[in-house]
Amino acid sequence: MNDSAQIHPCASLSGVVRVPGDKSISHRLAMLAALATGRSRIRGFLCSEDCVNTVKALQTMGAGAVFDGTTLIIDGIDGPWRQPVQPLDVGNSGTGMRLLAGLLAGQPLVTELTGDASLCSRPMGRIKEPLERMGAGVELLGKDGCAPIRISGGRLHGIDYALPVASAQVKSCVLLAALFADGRTTLNEPLPTRDHTERLFHILGLPLTMEGTRLSLQGFGPTGPALPARDWMVPGDFSSAAFWLAAAAAMPGARVTIRDVGLNPRRTALLDVLKRMGADITVTPADQLLSSDPCGEVAVTGGKLRGTRVGGAEIPNLIDELPIAAVAGALADGITEIRDARELRVKESDRIACVATNLKALGIAVTEYDDGLVIQGGSPIRGGVSLSSYGDHRIAMAMAILALFADSPVTITPVACVDTSYPGFWNHLEELGGHVDLHHCH
Ligand code: S3P
């Protein structure tokens with residue numbers, strides 16, 4: 001297991017990268033393939049810890065799953081779902097836990113979902129409420145409304161529900177449960193969030209209607225829908241590409257191209273932010289959708305960035321990119337303000353506090369707000385320090401990028417968490433011209 005990384009300053013990054021498959025889409029496809037009758041092949045599946053844990057949970061419920069490189073072959077659960085004898089452990093994955101909870105709510109089983117310390121400190125009341133309204137029993141066995149979760153599933157009925165938070169995980173949890181409900185489920189989102197579930201439902205011919213932020217699905221009752229197995233392709237994860245895009249944008253002389261990356265507009269708000277900051281970015285969409293989402297190539301030429309403001313409806317469309325957006329802000333001239341991002345406090349770590357602490361350790365002036373950060377960018381990045389990732393993959397990677405710009409090496413501990421979303425990150429860093437010493441600890 002890689003425990004710490006020492007990142008060396010780097011004058012220039014250049015090259016072409018294909019990032020691993022999209023994490024959100026991989027989770028959803030594994031689940032939908034497990035619901036289908038027969039064998040599905042998912043090419044470009046993200047073989048990271050998060051997604052593998054979801055696949056293991058589906059296997060426990062009766063799905064067949066075999067990895068062939070980055071192709072996941074799934075045999076759908078044929079007949080009633082198996083009653084697990086032990087809690088299903090989804091590790092670090094909020095998507096795994098919340099979406100599986102939706103599926104399990106519709107099965108006549110009592111199941112427990114658990115995860116690591118980070119996941120068991122994240123709020124689960126947000127899924128308990130709608131699932132209970134639909135008729136499931138949901139007990140939160142952890143402290144303060146957190147996992148482990150015990151779900152007593154069974155007969156569900158449709159609900160009309162206004163989501164209290166802009167969360168694609170909660171929306172998707174309810175949509176998956178709604179497949180097994182009697183009657184119609186209608187959801188209203190406070191702001192548009194990533195729509196991978198909706199896109200996949202449409203491809204599968206599921207009766208989902210959408211009008212602005214209002215979604216409505218006619219349920220199929222306890223047996224659920226009859227879904228045919230099929231083959232899928234997962235595009236590269238824009239959230240993984242984001243680290244290279246921001247790094248290259250802020251580095252004069254850099255030139256980085258990301259190929260075959262997902263370009264769903266509800267995921268790519270970081271491109272708008274970087275462009276506002278003055279980044280030189282060219283997007284070349286591919287002719288075809290890759291399964292469900294637009295994809296293509298993004299090329300960035302480095303230059304000097306200027307500060308910007310990030311907030312409002314943009315936030316859900318770059319929620320996972322905010323740590324790296326903060327890094328771009330630290331590298332830009334002037335002030336960058338990130339607000340309306342309170343949700344960052346309940347991600348894999350409290351990303352507002354963790355980013356603020358790390359930026360300060362590197363000599364950057366930051367003010368922390370309840371819902372965001374104000375960063376005074378453009379000052380020298382003082383290396384020679386050791387930072388914590390707080391066990392959060394995106395904090396580890398965002399800080400690794402910032403470390404490239406420091407005046408001396410920076411150590412980040414622990415870094416094994418990077419594998420939850422981006423196995424191969426350190427190799428890609430080296431391929432692009434960076435230099436990292438990984439220290440192993442078993
Ligand atoms: C995800 C949605 C987002 C995001 C997470 C993945 C998804 O969470 O932060 O990494 O796959 O639906 P929220 O929907 O809770 O904001």
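The chain is numbered in sequence order, starting from 1. In listed order, ligands and their atoms are each counted from 1.
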Over all atoms of both residues, closest heavy-atom pair of S421 and M397 = OG-CE, 3.5 Å
Minimum-distance pair of heavy atoms, taken over all atoms of L103 and Q107 |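 For L103 and Q107, the tightest heavy-atom pair comes out as O-NE2, 3.0 Å.
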Would K347 and D392 pass as an ion pair if we require N to O under 4.0 Å?
->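 Here K347 does not pair with D392 in a salt bridge, since their nearest N and O are not under 4.0 Å apart.
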Does the ring centre of F425 sit less than 6.0 Å away from the ring centre of H393?
-> no
Stepwise salt bridge (Lys or Arg N to Asp or Glu O under 4.0 Å) check, K171 with E198 = CA-CA 10 Å; K171 170 176 67 175; E198 296 93 305; 2.7 Å; yes
Kindly say whether V138 contributes a backbone atom to a donor-acceptor pair with the side chain of E132 at under 3.5 angstrom?
-> yes
Identify all pairs of nitrogen or oxygen atoms, one from ligand 1 and one from the protein, separated by less than 3.5 Å, and list them with distances.
from	atom 1	to	atom 2	distance (Å)
ligand 1	8 (O)	K347	NZ	3.0
ligand 1	9 (O)	D320	OD1	2.6
ligand 1	9 (O)	D320	OD2	3.4
ligand 1	9 (O)	K347	NZ	2.8
ligand 1	10 (O)	D320	OD1	3.4
ligand 1	10 (O)	D320	OD2	2.7
ligand 1	11 (O)	S24	OG	2.7
ligand 1	11 (O)	R28	NH1	2.9
ligand 1	11 (O)	T95	OG1	3.3
ligand 1	12 (O)	R28	NH2	2.6
ligand 1	14 (O)	S167	OG	3.0
ligand 1	14 (O)	A168	N	2.7
ligand 1	14 (O)	Q169	N	2.9
ligand 1	15 (O)	S167	OG	3.0
ligand 1	15 (O)	Q169	OE1	3.4
ligand 1	16 (O)	K347	NZ	2.9

